[in-house]
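Just so you know, ligand 1 is whichever comes first in the structure, and atom 1 is the first atom listed for that ligand.
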Amino acid sequence: MTENANEFFSVASELKAELEPLGKKYYIETYGCQMNVRDSETIGGLLQSCGYTLADNKNESDLILFNTCCIRDHAEKRVFGNIGALKEAKEAHPSMIIGVCGCMMEQDNVAKKLQRRFPFVDLVFGTNVLHRLPEMIKHVLEGDRVCLLSNNDVTVVEGLPSVRDVSTSAYVNIMYGCNNFCSYCIVPYVRGRERSRSVDAIVNEIEQLVSKGYTEITLLGQNVNSYGNDTRSSSFAELLTVLNQIEGLKRIRFMSSHPKDLSDAVIDAIRNNPKVCHHVHLPVQSGSDRILKAMNRKYTREQYLDIVHKLRSVSHDFELTTDVIVGFPGETEDDFLQTLSLIKEVGYSAAFTFKYSKRQGTKAATMEEQVDEAEKKLRLKRLNDLQAEMTVTDNMKYIDHIGEVLVEGYDQRETCTVFGKLSNFKMVYFRGDPDLVGKYVNVRITACKKNSLIGEIV
Ligand code: 5AD
Ligand code: SF4
């Protein structure tokens, strides 16, 4: 079901008339992945349409929101600690609104626990109800405590406002939710089932972004390759082909890609549409077939490597990044060595590496043979040391290479140094004026650092 945002704006404009003259300020603290960053952009847009302006820091704001994540680590401890630290500020300024939203609130009982422990939290809401924020704020201002979770609400709401703080590159959701139930992962439980936006809505949003000066977009979804499966309309490959035709758009990126759904059609679309960048983030998670099966990933090491070879055949500068989990329940030294050998075989330009952490409610949490914490730590270090070597080797390939960089910003510490990325996601630093930001510049690579390249304008 798709809805339009208009009905939410009547409440927002009512609030704006009341709040804007008072100079009310908001602050959002965002944890977690790009999906959360994008949600915070929408939340910021909604708050501005209610008359709030962005505060420079937490202390001077009238509304503080924590947009939480619960995928890994001790997320709850950290977020709860930061919320607890606001108790005194709230006592000193009782009119200050404190809110908590995001994935963690959708976990079983967490919202209740939070409200019990922190009676001064005024507002709690889930991941699929952002559009109801003006309404929720209205109730809070009337003195209510509000808690609104998604409760299987799968509405896709179009036309919500956004505040994006990066001016060159923009995130665009193409779908929400995940159907994959990898056995370690909490995301399908907190973000619900897959819902794709329509091609028209996506094209519309991107055309508007282009008219504001954006030339690079990153399409977001938990698994972009299954775009359109739920609506039985255009596939992801077809979407890429349509977006490639948008005038003024120069670069199309996307993440993440589940290897089981990265079809030949998608690889052909990458090859045949010049705006699609030469980089894929392709989480492998493990190099061992036994562990991949226990993770419910639905591909083998061989199938994964086959996709890697096909992608590499698109162009000589094609790059891959990945996610890896070490210490999944039952992972033996031999399984882990297979992960290391896969890392060597693929030659990623970067890997995001994680120690497995138990998520209540997932299948892996009930598995026996949980790996000892000290062993996980050791494996993570061995993996990171190997990837660090691989990254340098990979970067060395680019010495003397000439490529186009979209300049994203300038180095605050070093004068006359700007930075930006090649199509293949490699970060390059080079001498240049700050007025290059937003422009495309041809750069020759002259040296490399641990995680980036050094170049000069040609
Ligand atoms: N433990 C460790 N890492 C995890 N990830 C997801 N769930 C867990 C977990 N329980 C990692 C995966 C995924 C990335 C976004 O986070 O590698 O690709
Ligand atoms: Fe989690 Fe797997 Fe879905 Fe990614 S594809 S969000 S790892 S369940």
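Of all atoms in ligand 2, numbered sequentially from 1 with element shown, those under 4.0 Å from a heavy atom of Cys185 are 1 (Fe), 6 (S), 7 (S), 8 (S). For ligand 2 and Asn180, the ligand atoms under 4.0 Å from any heavy atom of the residue are 5 (S). If you number the atoms of ligand 2 from 1 as listed, the ones under 4.0 Å from a heavy atom of Phe181 come out as 8 (S). Near Ile325, the atoms of ligand 1 lying under 4.0 angstrom from a non-hydrogen atom of the residue are 3 (N), 4 (C), 5 (N), 12 (C), 17 (O). For ligand 2, the atoms sitting less than 4.0 Å from at least one non-hydrogen atom of Pro188 are 8 (S), numbered in the order shown with element in parentheses. The Lys355 neighbourhood of ligand 1 comprises atoms 1 (N), 2 (C), with distances under 4.0 Å to a heavy atom of that residue. Which parts of ligand 1 touch Arg359 is read off a 4.0 Å heavy-atom cut-off, strictly below it: atoms 10 (N). Close approach to His258 involves these atoms of ligand 2, each under 4.0 Å from a residue heavy atom: 5 (S).
Between Arg191 and Ser150, the side chains place no donor N or O within less than 3.5 Å of an acceptor N or O (distance only, hydrogens not considered).
The shortest distance between side-chain heavy atoms of Thr362 and Tyr184 does not fall below 4.5 Å. Using a 4.5 Å heavy-atom cutoff, the side chains of Glu41 and Val163 are not in contact. Residues Leu453 and Leu422 have side chains in contact (heavy-atom distance under 4.5 Å, counting atoms from C-beta outward). Val346 places none of its side-chain heavy atoms less than 4.5 Å from the side chain of Val284.
Nearest to atom 3 (N) of ligand 1 by heavy atom, out of Arg72, His281, Gln34, is Arg72.
Distance from atom 2 (Fe) of ligand 2 to its nearest protein heavy atom, with residue and atom name: Cys182 SG, 2.3 Å. The nearest heavy-atom contact from the protein to atom 18 (O) of ligand 1 is Asp323 OD2, 2.7 Å. Protein heavy atom nearest atom 6 (C) of ligand 1, with residue, atom name and distance: Ile71 CG2, 3.3 Å. The single protein non-hydrogen atom nearest to atom 4 (Fe) of ligand 2 is Gln222 O, 4.4 Å, given as residue, atom name and distance.
When the shell of 6.0 Å around NZ of Lys363 is examined, it contains 12 or fewer heavy atoms from other residues, nucleotides or ligands. Shown here is Tyr410, whose OH atom has no more than 12 heavy atoms of other residues, nucleotides or ligands within 6.0 Å. For Lys377, the NZ atom is loosely surrounded, since the number of other residues' heavy atoms within 6.0 Å does not exceed 12. No more than 12 heavy atoms of other residues, nucleotides or ligands shown are found within 6.0 angstrom of CD on Glu302. Atom CD of Gln360 is surrounded by 12 or fewer heavy atoms from other residues, nucleotides or ligands within 6.0 Å.
Among the atoms of Tyr184, some N or O lies under 3.5 angstrom from an N or O of ligand 1. On a distance-only criterion, Ser357 and ligand 1 share at least one N/O pair closer than 3.5 Å.
Of all the heavy atoms of Gln285, the ones lying under 4.0 Å from any atom of ligand 1 belong exclusively to the side chain. The side chain of Arg297, and not its backbone, has at least one atom closer than 4.0 Å to an atom of ligand 2 (non-hydrogen atoms only; side chain from C-beta on). Only the side chain of Tyr184 comes within 4.0 Å of ligand 2, judged by heavy-atom distances. The proximity of Phe354 to ligand 1, defined as any non-hydrogen pair under 4.0 Å, is limited to the side chain. Proximity of Ser256 to ligand 2, defined as any heavy-atom pair under 4.0 Å, is not found for any part of the residue. Heavy atoms of Val187 found under 4.0 angstrom from ligand 2 belong exclusively to the side chain.
Within the coordination shell of atom 1 (Fe) of ligand 2, defined by N, O or S atoms under 2.8 Å, Cys178 is absent.
When ring centroids are compared, His281 and Phe425 stay outside the 6.0 Å threshold.
The salt bridge (Lys or Arg N to Asp or Glu O under 4.0 Å) test with Glu404 is passed by exactly one of Lys421, Arg251, Lys250: Lys250.
For the pair Arg72 and Phe354, the cation sits on the ring face: its NZ or CZ lies under 6.0 Å from the ring centre, inside 45° of the axis.
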